[in-house]
Amino acid sequence: MSATVKLIGFFDSPFAHRAEVALRLKGVPYELILEEDLHNKSELLLKSNPIHKKVPVLLHGDRTICESLVILEYVDEAFDGPPLLPVDPYGRAMARFWARFLDDKCSKPFWLSLWTEGEAQKGFVKEIKENLKLLEGQLVKGRKRFFGGDAVGYLDVASCGFAHWLPVFEEVAGVRLVTEEEYPDLCRWAKEYASDETVKQCLPDRAELLAHFTARKDFFVATAKAIMAPN
Amino acid sequence: MAGGELKLLGTWASPFAMRVKLALNFKGLSYDNIEEDLRNKSDLLISSNPVHKKVPVLIHNGKPICESRIIVEYIDEAFVGTGPSLLPADLYERAIARFWAAYIDNKLLASWFQTFTGKTEEEKAEAVKQTLAAAEHMEAAFKECSKGKPFFGGNSVGYVDVTLGSLVALVRTSETYDFKPFDATRSPLLNAWLERFAALDAVKTVVPDTDRLVDYAKTRLAEAAAAVSNN
């Protein structure tokens with residue numbers, strides 16, 4: 001199908017990056033539509049993703065696909081080019097398992113380890129560090145260059161937040177989670193990922209991310225408080 | 001890769017294990033059903049799912065696959081020649097199916113469980129509100145996916161039917177607490193679909209008995225409440 005491809009994203013979003021890098025890895029030409037302010041979402045975004053109202057959204061002809069991991073699988077299936085997911089069913093199940101692990105088990109403790117304090121923070125730091133160790137294990141003690149093997153694949157793309165965004169958040173929050181000593185394979189992978197020829201074309205500029213997140217630090221702390229509040 | 005040995009680690013009460021049983025039943029695949037005692041997890045469960053230590057786990061030729069939706073996709077992909085396909089053939093419809101399956105777990109079920117486990121009356125009331133809103137979206141999803149046919153998968157049961165239909169026992173349990181997210185007035189299509197789904201032989205053989213489930217839920221909730229008040 002040679003219909004137009006558009007991607008609604010936002011410069012600071014690792015989820016939007018997942019979708020964008022997938023299109024680039026498959027060599028698909030696309031138009032990038034950047035939201036200017038996620039506190040003031042565009043008509044197009046609200047109309048295209050009424051359920052979640054989030055980026056990324058892929059518009060392929062008259063098709064609308066939401067949710068970054070769903071978009072990844074759609075892009076893998078809809079377009080020619082190197083496969084993002086493994087071809088064998090078991091490999092696919094493993095890749096999906098770990099991507100889901102990231103979103104379901106890592107996002108929250110990661111976020112809260114940055115912006116909470118005291119005993120609560122210690123708990124979240126412990127949790128995210130344990131989970132990152134499990135993720136690192138998938139690199140099989142350095143025997144794999146990428147989660148996908150020799151080339152960037154689905155799980156590498158899904159893990160992009162921990163490659164490029166994590167160090168920026170660490171700097172803004174003044175919290176250190178990942179050191180080369182403790183996570184040699186994960187750190188090596190992060191460098192490989194961020195310096196991949198295709199990936200680096202759509203990674204946001206680090207200095208811009210840093211400035212943007214620093215300006216929003218109070219807001220981030222407030223979101224952490226809101227998550228903790230019900231108790 | 002057809003054939004081979006299939007073992008399912010699950011429990012009679014788990015809607016997640018039920019998804020896998022449904023998928024196996026609909027595909028006409030025989031398997032060894034191993035009932036786990038979640039208070040005394042087997043070595044096999046812990047070694048097969050070291051990350052989450054949860055059911056269900058499907059073990060195919062000795063290799064474990066975890067997470068119910070991932071297992072269902074695995075079954076569909078590994079046994080592509082056997083029985084009907086659960087994921088749609090059309091790749092856009094496949095993306096839509098994956099979107100709604102994720103929504104069921106991340107939004108619908110998450111708030112539904114909160115209606116039982118919420119710590120305050122406000123929390124529970126908010127959870128009820130969110131569950132009803134999610135049910136409304138699922139009603140629209142049914143319209144979109146079924147296109148006038150009896151199931152989300154069209155004329156035959158598909159991935160979303162299995163994902164949502166496994167909640168039939170939860171629906172019946174909730175009714176004893178006077179909570180009906182899929183009632184005939186608010187969600188007529190889903191209400192009818194659920195009746196239709198529950199009447200299928202493949203479903204009847206694996207759905208937990210409602211009375212047994214209500215007793216089980218009462219015991220679990222009482223234990224949880226006691227645990228909280230003992231802290």
Side-chain angles (χ1 to χ4, degrees), chain A residues 1 3 19 48-54 56-79 85-108 127 130-135 137-138 229-231, chain B residues 1-2 4 49-52 57-58 60-80 87-103 105-107 110 114 117-120 122-124 126-127 133-134 136-138 140-141 144 228:
Chain A
M1 198 220 236
S48 308
N49 192 355
I51 305 274
H52 299 298
K53 305 177 174 58
K54 285 179 172 178
V57 180
L58 184 74
L59 304 167
H60 182 202
D62 58 3
R63 299 170 169 181
T64 307
I65 301 106
C66 306
E67 292 295 277
S68 61
L69 295 182
V70 176
I71 294 172
L72 281 191
E73 294 220 30
Y74 176 81
V75 167
D76 201 23
E77 292 169 353
F79 302 103
L85 270 165
V87 165
D88 70 296
Y90 189 72
R92 294 162 78 81
M94 289 302 102
R96 287 170 177 147
F97 174 88
W98 287 105
R100 214 71 70 75
F101 175 77
L102 289 175
D103 284 358
D104 297 348
K105 295 286 173 195
C106 295
S107 305
K108 196 169 146 188
E127 196 182 340
E130 279 168 2
N131 289 350
L132 288 174
K133 247 311 151 188
L134 290 173
L135 177 70
Q138 295 310 297
N231 300 324
Chain B
M1 177 237 290
N49 191 357
V51 174
H52 301 296
V57 179
L58 182 74
H60 183 205
N61 290 331
K63 286 163 134 181
I65 302 107
C66 308
E67 296 292 279
S68 61
R69 285 173 11 236
I70 294 175
I71 299 172
V72 171
E73 284 204 69
Y74 174 81
I75 290 169
D76 210 35
E77 290 174 352
F79 295 95
V80 71
L87 273 292
D90 176 84
L91 59 96
Y92 182 49
E93 286 176 21
R94 206 146 61 228
I96 301 296
R98 287 180 177 138
F99 174 89
W100 286 115
Y103 184 84
D105 281 349
N106 298 339
K107 297 290 177 196
Q114 267 285 88
T117 62
K119 293 187 179 69
T120 64
E122 283 96 8
E123 258 183 65
K124 287 186 184 174
E126 180 59 28
E136 221 180 283
H137 286 310
M138 288 313 305
E144 183 190 356
V228 167

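Side-chain atoms of A/Asn49 never come within 3.5 Å of backbone atoms of A/Cys66 as a donor-acceptor pair (strictly under, hydrogens ignored).
Heavy-atom distances place the side chain of B/Ile96, and not its backbone, under 4.5 Å from chain A.
By the salt bridge (charged side-chain N to carboxylate O under 4.0 Å, His left out) test, A/Glu73 pairs with A/Arg96, B/Arg98, sequence neighbours left out. With sequence neighbours excluded, the residues that form a side-chain contact (heavy atoms from CB on, under 4.5 Å) with A/Glu130 are A/Lys126.
Of the residues considered (B/Glu67, B/His137, B/Glu122), B/His137 shows the highest number of contacts with chain A, using heavy-atom pairs under 4.5 Å. For the options A/Glu67, A/Arg92, A/Met94, A/Lys105, heavy-atom pairs under 4.5 Å to chain B are most numerous at A/Arg92.
Residues B/Tyr74 and B/His60 bring a donor and an acceptor atom of their side chains to less than 3.5 Å of each other.
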